[in-house]
Amino acid sequence: MSTAGGSNPEYVTARVRARRSALYGDEEYRKLIRMGPAEIARFMEESDYEAEINALGSRHSGVDLIEYALNRNLAKQFDDLLRWADGRLYDLIARYLRKFDAWNVKTVIRGIYSEADSDEIADDLIRAGEFDEELLDQLLDAPSIEDAVDRLSGTIFGPGLEAAYDDYEDTGVLVPLENAVDRTYYDHLLEDLVVDEATQQYREFLEAEIDFRNARNALRLAQSGADIDPADYYIDGGSLFTASELATLAQNRDELVAAIRDSKYGDDLSAALDELESAESLINFERALDIALLEYTDALGHVFPLSITPIASYILAKEREVDNIRAIARGREAGLSEEQIEQELVIL
Amino acid sequence: MFEALLQQTQAAAPALEPSAAAALAVGLAAFGAGYAERGIGAAAMGAIAEDDSLFVNGLILTVLPETLVILALVVVFLV
């Protein structure tokens, strides 16, 4: 990040649009669905993923190779975004990409908890967010969860984790720590966001993401019938539910579906909601949520071309691509049929 | 003597000579063109960094606002 302070959306948007058009389209997915893991790796080697496949090809093979190459490419692409952006734009992008910091913190904590060795944990990190290599290496070297929490004290996750650590010591389960990480991420997502015409759209996108996350959590709780207080998992900042509304709605799935149908997302999600009511399948509904969010940001990118929104739209599209390729590779490995895999994909 | 001074100010030239105003006009036009090129140039550099074949397009689009200055230059010949 430069100290000059100026924002440079023109430069970043031009680069992002070029990268976005290089993402896989329908055609490529149709080819990929018919391939085995080795062929997928080769196909990726001939496109954007060449450097990653070559770097990891000697250590891994098959689906693992694809998975790690995807993670590494994702990290590279998003690091590029942060490297290009200056000033206010950097702040706006970093807000969203902290998601990967949260992911990394959780991965490290889980890794230490399950006593995995640090090489294995390192492979699963996505080095995209704001944490630099040094901090991540320090985290990987941490001998215990207490040390890891200690080393995070300088970051935004520090205070929340320290507060949650006592809970963890009492109960011995990771839930309080993971909850603290997620909450910190979502708290900072909308914090101090200066709202003008362009960032208004960005805020709506972030709110939609939080709303969908709440809806997903509520539906999962309603589906599982577990006796958990939904308010514990409620994320602040969305516009769809309040904590108490969500707590009552999570008891009754039909009411929850009706509430979503009446909301401003009802139109986008009506097909998914119909399916949810008839088929009882959460997977299709969650996939429909992903598609709705992707379509939503895709449209946003054209409203204010020189703002954060085309970049947010690219970030989301890239994440979906990585998820899709992973789903294809894992699906083929597990021997699913082409139609079944196709159902798992999130394509516009 | 006071009268003479008053007369002198009345007879003096306007605060800005026509040629000076024309020069100012060209300067302001160039400033505007420069500001426009800043944004276009940044976007063009981004596009070229991703795809070399866009160099010619980027160059043309970047210098398009330069026409502003050329048009403003007409003023210099009119005064």
Side-chain angles (χ1 to χ4, degrees), chain A residues 1-2 4-25 46-51 73-74 76-90 92-93 196-198 301-315 317-318 321, chain B residues 9-10 12-79:
Chain A
M1 182 178 162
S2 89
S7 186
N8 58 345
E10 299 93 349
Y11 179 75
V12 184
T13 311
R15 294 201 76 155
V16 158
R17 286 216 190 276
R19 292 261 165 114
R20 166 130 211 205
S21 62
L23 293 181
Y24 291 165
E46 283 160 11
S47 66
D48 274 357
Y49 297 89
E50 186 184 354
N73 187 270
L74 191 76
K76 191 181 82 179
Q77 302 278 342
F78 293 167
D79 264 347
D80 280 348
L81 290 183
L82 288 178
R83 202 159 42 83
W84 297 333
D86 283 333
R88 185 152 168 250
L89 194 62
Y90 178 94
L92 290 174
I93 298 176
D196 58 21
E197 217 182 342
H302 297 288
V303 183
F304 287 100
L306 290 184
S307 71
I308 171 78
T309 46
I311 302 163
S313 145
Y314 167 73
I315 293 176
K318 179 77 193 172
E321 179 186 271
Chain B
T9 22
Q10 273 166 359
L16 212 51
E17 296 285 342
S19 57
L24 206 58
V26 176
L28 284 173
F31 191 77
Y35 184 74
E37 280 169 18
R38 164 198 174 270
I40 303 172
M45 281 320 295
I48 294 167
E50 291 296 323
D51 183 356
D52 280 341
S53 68
L54 291 171
F55 178 74
V56 178
N57 289 17
L59 191 69
I60 292 174
L61 289 172
T62 307
V63 298
L64 265 190
E66 210 57 45
T67 51
L68 259 181
V69 189
I70 297 170
L71 290 175
L73 217 54
V74 173
V75 176
V76 175
F77 300 107
L78 286 182
V79 294

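Sequence lines set the chain letters: A, B, ... in the order given, protein chains first and strands last, and positions in each chain run from 1. The figures here come from the full heavy-atom set of this structure, side chains too, leaving out hydrogens, waters and symmetry mates.
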Enumerate the inter-chain donor-acceptor pairs under 3.5 Å for chain B and chain A, one line per pair.
{"residue": "B:R38", "atom": "NH1", "partner": "A:E10", "partner atom": "OE2", "Å": "3.4"}
{"residue": "B:E50", "atom": "OE1", "partner": "A:R19", "partner atom": "NE", "Å": "3.0"}
{"residue": "B:E50", "atom": "OE2", "partner": "A:R15", "partner atom": "NE", "Å": "2.9"}
{"residue": "B:E50", "atom": "OE2", "partner": "A:R15", "partner atom": "NH2", "Å": "3.0"}
{"residue": "B:E50", "atom": "OE2", "partner": "A:R19", "partner atom": "NE", "Å": "3.2"}
{"residue": "B:E50", "atom": "OE2", "partner": "A:R19", "partner atom": "NH2", "Å": "3.2"}

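- In terms of the side-chain contact (heavy atoms from CB on, under 4.5 Å) criterion, B:L28 has no residue partners (sequence neighbours excluded).
- For residues 53-77 of chain B, no residue pair satisfies the salt bridge (charged side-chain N to carboxylate O under 4.0 Å, His left out) rule, not counting sequence neighbours.
- Applying the side-chain contact (heavy atoms from CB on, under 4.5 Å) test to B:L71 and every residue at least two apart in sequence or in another chain returns nothing.
- Nearest approach of B:A47 to A:A14, heavy atoms of both residues: N-CB, 3.9 Å.
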